[in-house]
Structures are given as structure tokens and as C-alpha cells.
Amino acid sequence: MVARLKILFDPLVRLLLLSIVLASFAPVTGEGKAVARIVSDGAIFFLFLLNGLRLPRRQVLDGIRNARFLLPLIIWVFGVMGLAGWGLWQIGENVLPPTVALGLLLLGLLPSTVQSATAYCSLAGGNVAASVVAAAVINLLGVFITAPLLSLASGGDVGLDLDGLQRIGQILLLPFFIGQILQTRLGSLVADNRMVIAWADRGAIAIAVYVAFSAAVEQGLWQLVSLTAWGWLAALIGLFLLLGFAGSWLTGGALGLARADRIAFLFAGAQKSIVLGAPLAAVLFPPATAGLVLLPVLAYHLMQMIISAPIAARLNRASAHP
């Protein structure tokens, strides 16, 4: 029970909620916006440097070898969930502000979470090693392909111009590769200080969300999204959650995966990563737009954390009493 509650009230969820509240009542304005953008870019750079330091190349190679598990998961995460995000975006454009609706497409094309998917997999009695490796490989792919897929699927609504590609290269890819180069020297330092690194991760994401929401609040976020629109957003996110979790579980069964692997497929296939979502929105969109685009991603992240705990507990009980 204690373990479930710790996951349910994850520190990242609390930080994200705090960032939204703080941005709502004390947004960055005036000359501070330029400084805040620099701080946000620096936090994102640091976040991806840490990602490069912590991802052992051996894990990537091991994951690639497990093609029977990994390839269907990649197709599910970026293909099926991406198409679902595209479909919900089309629906959302009729009932949501266009920029918020576009966030549904971004949500569908994001990779899996790493830490929380692995934690829930462990709690449910799944194959933790497969979960860690798959999430690591899918996140690595996401850094390279989510932005191009978003640009392609949006039909030009998200254009990847030279400036956008340069920002992705400088703020996301460059620090990741620096981390990979320094991994043999500093990787053990990251592994030995997991708690400090985890809080550094969360802090970087919270900063990116705060800066994005500050700009959106200044543009009238709470006036642009009506109560009716919030209701539609909740309904569409609920539909996406149902597809993600039920579809991942049924797909794992159709593939004939062992129960432990099927549980790993469930959480890696259904959960979406705010760790890439927030930085990518900050890089691809102007600050005022990024906050609105992030609304579906943040809503999904919060709801996936809430429903994953009872699902994991139920799977654990079913494994203990087949």
C-alpha cells in the first residue's frame, strides 16, 4: 500500500502542479521573459545531458536484439498511438482551441516514460529488465523521430524550419551526445547519485513547464480554454487512456508474450513521456503557444499516474493468485 501511494503521489506530479499554479498566479512577464527562456533552455540542455550520461549503450544493443518484444512496441508507441493522437486532434479541432487540440497529436507521438513505467512494471510483477531496455531505446528514438513525425502528421501546422532544427540540435541532441561521450567517465557518478539526479530531472522539467505556462497565462490561457473545452479535453484524454492501456494489454496478448513481458508491454506502451514532451514543446513552439500545446500532455501524464497504480496492484494480485 505504501509503495502504491508513493507512486500515486509522485514528486514529479506535485512539481508539475506547483509549476502550473505558480505560473497562473505569478507568471514571468516583461523583461524577465528573455531571462526565463534562457534558464528554460539551460535546464533542458542539462536534462538531456543527464539522459545521455545515464543511458548505457549496452542497454540499447540488448534491447535491439529482443526484436520480438521491441519492434511491435515501437510500432505501437509511434504508429498506433500516433494515429490515435492524429484522430483525436481532428476531433479536438471542433471542440477545443486549435493549439490545445494540436497537443493531442504531440501526445500521441511521444515515446514511453522510463522511470514510472518501470516502477509500475515492477509493482505489477512484470519483466523489469525488458521494461527498462525498451523504454530506453524508445526514448532514444523519440529524440530523433518525434519532431519530424509531428511535422509530417500535422500537415505543415508544425513546420521544422532551419531555426527549429538548429534548436533541436543544440538543446536536445548535442547534450545527449556529450553525455554519451562522457558516459564511461561520469556514468558511475550519475548511477551513484540517483536521488540527486532524479530531483535534477524533475526540476528541469518543472522549469520548462513553468516558463511555457507563464507565457500562455499572459496570453489569456484561462480565458481561452472554457469550462466546456476542459470537459471535452478530459473526455478525449480519457478515450486516449482507454485505447493506450486496453490496446497495449490486448496487443501483448495477441503477440503471445509471456505474462511478465505482457505487463512490461502494457506500461511501456500506454504511458507517455513528459520528460520529452515538455522540452520538445519548448523547443518547437513559441513560449505563448507551448503552454497551450502542453495541456493534453500534462493532463494525460497526471491521469496515467493515477490509474496505473490500481492497475499494477490488480495485476500483482492476479499474478500471486492465478
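Being a predicted model, the structure only gives us computed values, none of them experimental.
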Hey, does the side chain of [X] reach the backbone of [Y] with a donor-acceptor pair shorter than 3.5 angstrom?
{"X": "Gln304", "Y": "Lys272", "result": "yes"}
{"X": "Thr146", "Y": "Leu110", "result": "no"}
{"X": "Ser248", "Y": "Phe245", "result": "no"}
{"X": "Ser151", "Y": "Ala147", "result": "no"}
{"X": "Asn127", "Y": "Ala260", "result": "no"}
{"X": "Thr99", "Y": "Thr289", "result": "no"}

Indicate if [X] and [Y] have the same hydrophobic cluster label, given that clusters are the connected sets of ILVMFWY residues with side-chain heavy-atom separations under 4.5 angstrom.
{"X": "Leu284", "Y": "Ile207", "value": "no"}
{"X": "Ile38", "Y": "Val283", "value": "no"}
{"X": "Leu233", "Y": "Leu224", "value": "yes"}
{"X": "Leu241", "Y": "Leu250", "value": "no"}
{"X": "Leu302", "Y": "Leu239", "value": "yes"}

Quick one: [atom1] on [X] to [atom2] on [Y], what's the gap to the nearest 0.5 Å?
{"X": "Leu141", "Y": "Leu70", "atom1": "CG", "atom2": "CG", "value": "7.5 Å"}
{"X": "Ile138", "Y": "Ile145", "atom1": "CD1", "atom2": "CD1", "value": "9.5 Å"}
{"X": "Leu73", "Y": "Leu266", "atom1": "CG", "atom2": "CG", "value": "10.5 Å"}
{"X": "Phe25", "Y": "Leu22", "atom1": "CZ", "atom2": "CG", "value": "10.0 Å"}
{"X": "Thr251", "Y": "Arg262", "atom1": "OG1", "atom2": "CZ", "value": "9.0 Å"}
{"X": "Leu298", "Y": "Leu17", "atom1": "CG", "atom2": "CG", "value": "9.0 Å"}

Please find the pair of heavy atoms, one from [X] and one from [Y], that lie closest to each other, and give the distance.
{"X": "Ala134", "Y": "Phe69", "answer": "CB-CE2, 3.6 Å"}
{"X": "Gly85", "Y": "Phe240", "answer": "N-CE1, 3.9 Å"}
{"X": "Pro111", "Y": "Gly142", "answer": "CG-CA, 4.2 Å"}
{"X": "Leu174", "Y": "Phe45", "answer": "CD2-CE1, 4.3 Å"}
{"X": "Ala84", "Y": "Leu243", "answer": "CB-CD2, 3.1 Å"}
{"X": "Gly82", "Y": "Leu105", "answer": "O-CD1, 4.3 Å"}

State, with a plain yes or no, whether a side-chain heavy atom of [X] is found less than 4.5 Å away from one of [Y].
{"X": "Val211", "Y": "Val39", "answer": "no"}
{"X": "Ile237", "Y": "Leu107", "answer": "yes"}
{"X": "Leu104", "Y": "Leu96", "answer": "yes"}
{"X": "Leu236", "Y": "Trp89", "answer": "no"}
{"X": "Val225", "Y": "Leu292", "answer": "yes"}
{"X": "Ile20", "Y": "Tyr210", "answer": "no"}

When you look at Asp261 and Leu255, which way does the side chain to side chain contact (heavy atoms under 4.5 Å, CB included) test go after all the steps? CA-CA 10 Å; Asp261 286 344; Leu255 291 170; over 6 Å; no

Measure up the Phe267 and Tyr120 rings against each other and bin them: parallel (under 30°), tilted (30 to 60°), perpendicular (over 60°).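 Judged by the thresholds at 30° and 60°, the geometry between Phe267 and Tyr120 is parallel.
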
Go through the steps for Leu15 and Val209 under the test side chain to side chain contact (heavy atoms under 4.5 Å, CB included), then give the verdict. CA-CA 10 Å; Leu15 272 178; Val209 169; over 6 Å; no

For Trp230 and Leu295, what are the C-alpha separation, side-chain angles and deciding distance, and is it a side chain to side chain contact (heavy atoms under 4.5 Å, CB included)? CA-CA 10 Å; Trp230 279 111; Leu295 274 179; 3.6 Å; yes

